[in-house]
Amino acid sequence: QVQLVESGGGLVQPGGSLRLSCAASGSIFSINRMGWYRQAPGKQRELVATITSGGSTNYADSVKGRFTVSRDNAKNTMDLQMNVLKPEDTAVYYCNLNNQDYRGGNYASYWGQGTQVTVSS
C-alpha cells in the first residue's frame, strides 16, 4: 500500500503563486510515475502534470509555462510550483502515484485526499 498526503493549498489572488507538496510513504516501487490532477465543481478530474522516477515531466497545455512539477526521490515528495495563477485554476488538487514495471506498465494507482486551491480577487 501507498499513502499520499497533499499540503499547501489555500486562497490566492489572480497572478499570485502557490506551492503544493505531496508526501508519499509505503510500498513505493523504484520505477514509478507521480502526478498532480485537479477537479473543479461540476467538471471532470483532469491531469495537470506528471513526473517519472527518472525526472521526465509532462504538463497539460493549460498550465505549460506557469506550473512546474518536481520531486525528491530520497524524501519521497513531489511539489507543484504554481505561478501566474488564474481563476480557472480553482479546484481540488490531488496527488497520484503509479507503481510501474520495467516497461512502464502500472501495477497499482494511489490517490491522496486532495487540497483546495482557490484563485479569486
Side-chain angles (χ1 to χ4, degrees):
Q1 292 278 13
V2 172
Q3 296 78 45
L4 303 171
V5 180
E6 303 97 333
S7 62
L11 173 65
V12 297
Q13 294 183 328
S17 298
L18 205 61
R19 189 176 184 89
L20 306 182
S21 295
C22 173
S25 61
S27 300
I28 304 170
F29 286 12
S30 59
I31 302 175
N32 65 77
R33 176 169 60 85
M34 299 185 71
W36 290 98
Y37 294 73
R38 67 187 182 186
Q39 186 168 24
K43 297 184 178 180
Q44 294 181 296
R45 185 175 298 188
E46 64 176 354
L47 183 148
V48 177
T50 61
I51 183 166
T52 67
S53 48
S56 180
T57 59
N58 180 257
Y59 297 91
D61 289 341
S62 59
V63 306
K64 287 181 179 178
R66 300 189 298 121
F67 291 9
T68 302
V69 65
S70 60
R71 64 185 291 168
D72 186 331
N73 291 339
K75 297 181 179 180
N76 289 325
T77 59
M78 175 183 65
D79 291 349
L80 183 68
Q81 179 64 49
M82 304 184 293
N83 298 324
V84 198
L85 283 162
K86 305 175 180 179
E88 306 90 89
D89 296 318
T90 297
V92 177
Y93 284 70
Y94 296 91
C95 177
N96 167 257
L97 184 147
N98 291 317
N99 280 330
Q100 298 179 309
D101 61 23
Y102 75 103
R103 292 183 175 180
N106 296 327
Y107 277 101
S109 182
Y110 303 91
W111 295 90
Q113 81 289 347
T115 185
Q116 177 71 49
V117 172
T118 303
V119 185
S120 177
S121 59

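All values reported here derive from a predicted model rather than from experimental measurement.
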Applying ring pair (Phe, Tyr, Trp, His ring centres under 6.0 Å), name anything that partners Tyr110, two or more places apart in sequence or on another chain.
none

Do Glu6 and Tyr94 have side chains that approach each other closer than 4.5 Å (heavy atoms only, starting at C-beta)?
yes

Rounded to the nearest 0.5 Å, what separation is found between the OG1 atom of Thr118 and the CG atom of Leu18?
9.5 Å

Testing the 3.5 Å rule here: is there a donor-acceptor pair between the side chains of Asn32 and Arg71?
yes

Can you confirm whether more than 12 heavy atoms, excluding those of Gln81, are under 6.0 Å from its CD atom?
yes

What distance separates Phe29 CZ from Asn106 CG, expressed to the nearest 0.5 Å?
10.5 Å

Roughly how far apart are Ile51 CD1 and Leu97 CG, rounded to 0.5 Å?
12.0 Å

Could you check if a side-chain atom of Thr115 sits within less than 4.5 angstrom of a side-chain atom of Ser7, using non-hydrogen atoms only?
no

Quick check: does any side chain N or O of Asn98 sit under 3.5 Å from a backbone N or O of Gly35, one acting as donor and the other as acceptor?
no

Cluster check Val92, Met78: I/L/V/M/F/W/Y, side chain < 4.5 angstrom
no

Just verifying a value: how many Å separate Gln100 CD and Ile31 CD1, rounded to the nearest 0.5 Å?
8.0 Å

Tell me the closest heavy-atom pair linking Val12 and Ser17, and the distance in Å.
CG1-O, 3.8 Å

Given 3.5 Å as the limit, does a donor-acceptor pair link the side chain of Asn96 with the main chain of Ser109, or not?
no

Between Gln113 and Val5 the two heavy atoms that sit nearest each other are OE1-CA, 3.7 Å

To check you understand the geometry: which heavy-atom pair defines the closest contact between Asp79 and Ser21, and what is its length?
OD1-OG, 3.0 Å

Give the minimum heavy-atom separation between Ala24 and Met34, together with the two atoms involved.
CB-CE, 4.3 Å

Please name all residues satisfying side-chain contact (heavy atoms from CB on, under 4.5 Å) with Asp89, sequence neighbours left out, ordered by chain then number.
Arg38, Arg66, Phe67, Leu85, Lys86, Tyr93, Val119

Atom of Ala49, atom of Leu80 and distance for their closest heavy-atom approach:
CB-CD1, 4.4 Å

Nearest 0.5 Å, what's the CG-CD distance between Leu11 and Gln116?
9.5 Å

Between Leu47 and Asn58, the two heavy atoms sitting closest are CD2-OD1, 4.2 Å

pair Trp111-Cys95: side-chain heavy atoms closer than 4.5 Å
no

When clusters are formed by joining ILVMFWY residues with side-chain heavy atoms under 4.5 Å apart, either directly or through shared neighbours, do Leu4 and Val48 land in the same one?
yes

With clusters defined by side-chain heavy atoms of hydrophobic residues (ILVMFWY) lying less than 4.5 Å apart, directly or transitively, does Tyr59 cluster with Met82?
yes

Can you check whether Ser30's main-chain N or O pairs, donor with acceptor, with Ser53's side chain at less than 3.5 Å?
yes

